[in-house]
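Residue numbers begin at 1 in each chain, while the letters A, B, ... track the order of the sequences. Just so it is clear, the values below take in all heavy atoms, side chains as well, and ignore hydrogens, waters and symmetry mates.
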Amino acid sequence: MSYRFREIEKKWQQYWAKNQTFKAENNSGKEKYYVLDMFPYPSGAGLHVGHPLGYIASDIYARYKRHKGFNVLHPQGYDSFGLPAEQYAIQTGQHPAITTEENINTYRRQLDRLGFSFDWSREVRTSDPRYYKWTQWVFIQLFNSWYNINSDKAEPIDDLVVRFKKEGSAGVNAACDEDTPTFSAPEWKQFSDKEKERLLLKYRLTYLADTEVNWCPALGTVLANDEIANGVSERGGHPVVRKKMTQWSMRITAYAQRLLDGLEKIDWPQPLKDAQSNWIGRSVGAEVEFRIQNSEFRIPVFTTRPDTIFGASFMTLAPEHGLVPEITTPVQKAEVEEYIEATARRSERDRLSGVDLITGAFTGAYAEHPFSKEPIPIWIGDYVLAGYGTGAVMSVPCGDQRDYDFAKHFNIPIPNIFKGVDISEEAFADKENTIITNSDFLNGLSYKEATKEVIAQLEKIGRGKGKINFRLRDAVFSRQRYWGEPFPVYYVDGMPKMIPEEHLPLVLPEVEKYLPTETGDPPLGNATTWAWDTGQSTVVSNKLMDHRKVFPLELNTMPGWAGSSQYFNRYMDPHSEEQIFSREAVNYWRQVDLYIGGIEHATGHLLYSRFWQKFMFDKGLVPVDEYAKKLINQGMILGTSAYIYEVIVGTIAVDYSAFIGKPLKDNSDIFISSDRIGLIGYEPNYLGFMETIQSKKIFDLIKNKISDLAEYYFNENGIEYQLGLKVLRRHVDVSLIKGENELDIKSISSNPNFREDIIFYLNDNGRFKVEREVEKMSKSKFNVVNPDAICEEYGADSLRMYEMFLGPLEQAKPWNTAGITGVHSFLKKLWRLYHSGPNAQFYVTEDSNGAGADHGERGEVFKTLHKTIKKVEEDIQNFSFNTSVSTFMICVNGLLAQKCTSRAILEPLAILISPYAPHIAEELWALLGHRESISTAPFPKFEAKYLVEDRKEYPISFNGKMRFTMELPLDMDKEEIEATVMAHEKTQRQLQGRIPKKVIVVPGKIVNIVG
RNA sequence: GCCUCGGUGGCGGAAUUGGUAGACGCGCUGGAUUCAAAAUCCAGUUCUUUCGGGAGUGUGGGUUCGAUUCCCACCCGAGGUACCA
């Protein structure tokens, strides 16, 4: 019988579903093991072969752990809130819930086809009210908490109120807003309720604040830093601008140190840990207070080099710094205001263009040096960021290149405080290799000593203290979108109130349209039934808002990372209605043992979820403060895409400055004049392409195309324009390319603006210039490979094994469908191994008695088997799945050559391979006479006795180069080996009469003759 | 710039503490089987060679009897991050 994979796979998938083979129990005598995948966002495009890579790996591991006797939790679900469904809703009016449901069904069908051992009874969907009820619940817990730095944990906000009543804010050491005032107990009591609320908001772990946010006008929403790449939105590539808005924020900064410390106790990949710790960005230094001369104002600065304080010859404030208007002298006022305006105008594009213009303005004010009492001029400059530290720096030009450049540019003195260091050309930033001088009491000290000393002195005179600063910012938690979790929040007199927990979930309302309202409110502003009736504790029509007990509900929704910050815990007890999850469940499963997912979430989901977990830990809801013990980042599977160059004739404003230094990659701007065509700007990597453009042939082609457009320059509204060509790199479907690189223009002219006279394609020798590149699979690049087609042609087991066989799990690898025939024919061979009877019938021999025989033919097959057991088990433990596939190939090739038919070999082999190719393994297992699924059969035990050898093929090397081999008994000692080797005629031929200087013999390993 | 990872045949990749470089698979070449094709099977496949051998893991050094592996310097590629004081 031949290997009928379609039949077999369908049969076992149905069997597993029907028997709930992979259902995990919350109480079990077995040891637990929790294997988690990052749950997918169900996009409309369905899965491509890159998606399941991590799922296959985790499935192999989960199945292996079941064979090893563990109670394995291997759940799956959907991160089903998100922008694409909403965008689709905007375009079509289709409710996102409907498209999401459809997409989930497609995903489920595709996932099922791959034979994963998921426990689907635990499925969660972030957009399901039964799930987001608990997302909202956690939000309320955050709102009701503050961070006590003294106890280093989150505590109930009610406790804080009690303290305020008793002692005021004195003695409270909280992670709170910068501008939080201090007050006494009597003052607290006198505050109005609203005033109290406003103050408490500065302490809560989630709070409302006017934050400068990344506003994306095209998407109509705020984006997190990790949703922006190169100044444009990650989705869609729309421009992003800074804008102030009232937003919910998460006080993740309170956890900065713990997030950093926690990295040390988790087994996560180093690059990922590095990305997180850079993102958190801890720097140790000091805060120094500078007093403004003739004024009450004091400006604290943060510095990592307090040792250089005597080198500070000026101060620089961010242009947005709050004190700038206060301290600027009348004489400088105009200049400063003009500069501030210019900075605000400075577009994102300029900032990205890498133009390092040194700009700034003098405020006319002077600060007093805390030690020397010398006057220090105060400047403003946009190289100082408002959002980091205190938004002000003490500028030490001799020790910091930016300060140095600024000082040079504005002719500010550059005092040298480094002994024997030349600073005539550049600043000296090396803190280790110098001695401080010209610095009063710091003279003669090293960086380390001086830092310690200066902090001590600052503290003594009350002008500063040692301080640790973090780059990490609080996370904005509001999104102006429809398809997300509604906040369980309503507003009374502008102050936020939480909906009582017993009335959760607050279900997302229906809206007429999914766009922002005409007044600029988020889409929820379109809902007509979106007000909270505090009397009836229910959502009511907005019209009732005149009633004194009915209040407006929050119009923002939560970001994508809200739902993904707790799904791993919810899986432990996914149907719990009374509580987020039961204590028993979370105490049993505790934490994820193995988490597999992409590194792209390094500073997003993987950081936020750690924060969320730590909060849950502080609240006593979870037993551990790191939720994933071990994490593996699977590499991307890349597709091969083809692209051509599309040339569009158009106009560009002649403003070359904007292009200087700008990387010209996908879209290049090209200019043309009467005799020249070239790139605007300069990009060395593009020289090759530039030459093509500049070649006479192409030049003539372009000129002919545009010959009727005689004017190369024209002027409009005072702006000079130049006739230009926009060259776009455009992806084309690989399947449209004929022959080598031939392409029919009509087949790719899907461009709605296509007009052959204004848009044309670069070609070369009559052929279109087609280039190929290996890159991330994406529908828009026409390079996706659908797993359904692969399953149809080769089967899921082949696909699973091939994906593993491609290369190391963590590495990016190009996909090449042609290669799958290798593993597919391997599976056919495996099948044949069990079907050696007449007419290829299933055939095993029961001669397994005396399995311990070490010699003869049987000994050989046992050796083959046990070598395989050893290697495969080691590979699984090292997540080196690619090498175990080749081990299986070697094993099956060996057993076929050995004509093995013995049950004692074939039965363990089926178990060994079942994590990788579960369908064929189940089928063989059943043919071997078993009635139960193979999934919990004990993993074969490796026995070293089968591998014992008594002879060894010794490599004989000369000066480290292997020249030939010699088979010798392993019990031969050094001297005997040397004598035997030296006596060999090949040795003598190699030596050609020379006498060897030395002979190295490593018994059991190698012989090296040094001559 | 900084941080991280990587660089091995035509391709994907293997080599566990330094010990036979190129396992396994794709592709390619030749052969068997077949009326023929598909499928399958067998042999070969780093380069070079005067067929003895010689060279070879990005480059140049070093340590060692011996280096893809360890050390130093550099080059190239990928990803992340960037006026962070």
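For the pair L472(A) CG and U81(B) P, the computed distance is 14 Å after rounding to whole Å. In this structure, the NZ atom of K467(A) is 18 Å from the P atom of C84(B), given to the nearest Å. Note: CE (M636(A)) to C1' (C5(B)) measures 14 Å, nearest angstrom.
Using bins of under 30°, 30° to 60° and over 60° for the plane-to-plane angle, the ring pair W379(A)/F410(A) lands in the tilted bin. Aromatic ring orientation, Y794(A) versus H824(A): perpendicular (interplanar angle above 60°, classes split at 30° and 60°).
Looking at heavy-atom distances under 4.0 Å, S957(A) makes no contact with the nucleic acid at all. Across all strands, P808(A) comes closer than 4.0 Å only to sugar-phosphate atoms, never to a base (heavy-atom distances). Within the 4.0 angstrom heavy-atom criterion, only backbone atoms of the sugar-phosphate kind lie near S283(A); the bases stay farther away. Within 4.0 Å (heavy atoms only), K871(A) reaches at least one base atom of the nucleic acid. Within the nucleic acid shown, N882(A) comes within 4.0 Å of sugar-phosphate atoms alone, with no base atom in reach, counting heavy atoms only. Counting any heavy atom pair closer than 4.0 Å across all strands shown, N1008(A) reaches a base atom. Looking at heavy-atom distances under 4.0 Å, V384(A) makes contact with a base. Looking at heavy-atom distances under 4.0 Å, N893(A) makes contact with sugar-phosphate atoms alone, never a base.
Taking 4.0 angstrom as the limit, N959(A) places none of its side-chain polar atoms (N or O) nearer than this to OP1 or OP2 of G66(B). The side chain of R471(A) places no N or O atom within less than 4.0 Å of a non-bridging phosphate oxygen (OP1 or OP2) of A85(B). A sub-4.0 Å separation between OP1 or OP2 of U40(B) and a side-chain N or O of K828(A) is present. The side chain of R963(A) contributes an N or O atom lying less than 4.0 Å from OP1 or OP2 of G54(B). In this structure, R832(A) does not reach the U40(B) phosphate: none of its side-chain N or O atoms is under 4.0 Å from OP1 or OP2.
C65(B): Watson-Crick or G-U partner is G19(B), with both key distances under 3.5 Å. With a 3.5 Å ceiling on both atom-pair distances, the Watson-Crick or G-U wobble partner of A55(B) is U46(B). Nucleotide C41(B) forms a Watson-Crick or G-U wobble pair with G31(B), both donor-acceptor distances falling under 3.5 Å. Remark: A14(B) base-pairs with no nucleotide in the shown strands. Criterion, Watson-Crick or G-U wobble with two distances under 3.5 Å. A 3.5 Å limit on both hydrogen-bonding distances identifies no Watson-Crick or G-U partner for G9(B).
You won't find any donor-acceptor pair under 3.5 Å spanning the side chain of K961(A) and the base of G53(B), going by distance alone. In terms of polar N and O atoms assigned as donor or acceptor, the side chain of E874(A) comes within less than 3.5 Å of the base of U16(B) in a complementary pairing.
Rounded to whole Å, the P atom of G58(B) lies 14 Å from the corresponding atom of G10(B).
Residue M889(A) places its side chain closer to G25(B) than to any other of G25(B), A39(B), C84(B). For A818(A), taking side-chain heavy atoms from C-beta onward, the closest of the listed nucleotides C26(B), G13(B), A21(B) is C26(B). For A275(A), the listed nucleotide lying nearest its side chain is G80(B); candidates were C24(B), G13(B), G80(B). Considering only the side chain of T821(A), C26(B) comes nearest among C65(B), C26(B), G13(B).
Note: F881(A) CZ to I56(A) CD1 = 11.0 Å, rounded to the nearest 0.5 Å. Taking CD1 of I340(A) as the start and CD1 of I380(A) as the end, the distance is 4.5 Å to the nearest 0.5 Å.
Positionally, the nearest nucleotide of RNA chain B for L806(A) lies more toward the 5' end than for the other of L806(A) and S886(A). Along RNA chain B, the nucleotide nearest to K1005(A) and the one nearest to Q811(A) differ in position, and the one closer to the 5' end is contacted by Q811(A).
The backbone N or O of I266(A) lies less than 3.5 Å from a partner atom in the side chain of K273(A), making a donor-acceptor pair.
Ion pair K870(A)/E874(A) flagged as a salt bridge, since at least one NZ, NE, NH1 or NH2 atom sits closer than 4.0 Å to an Asp/Glu carboxylate oxygen.
No more than 12 heavy atoms of other residues, nucleotides or ligands sit less than 6.0 Å from atom CD of E178(A).
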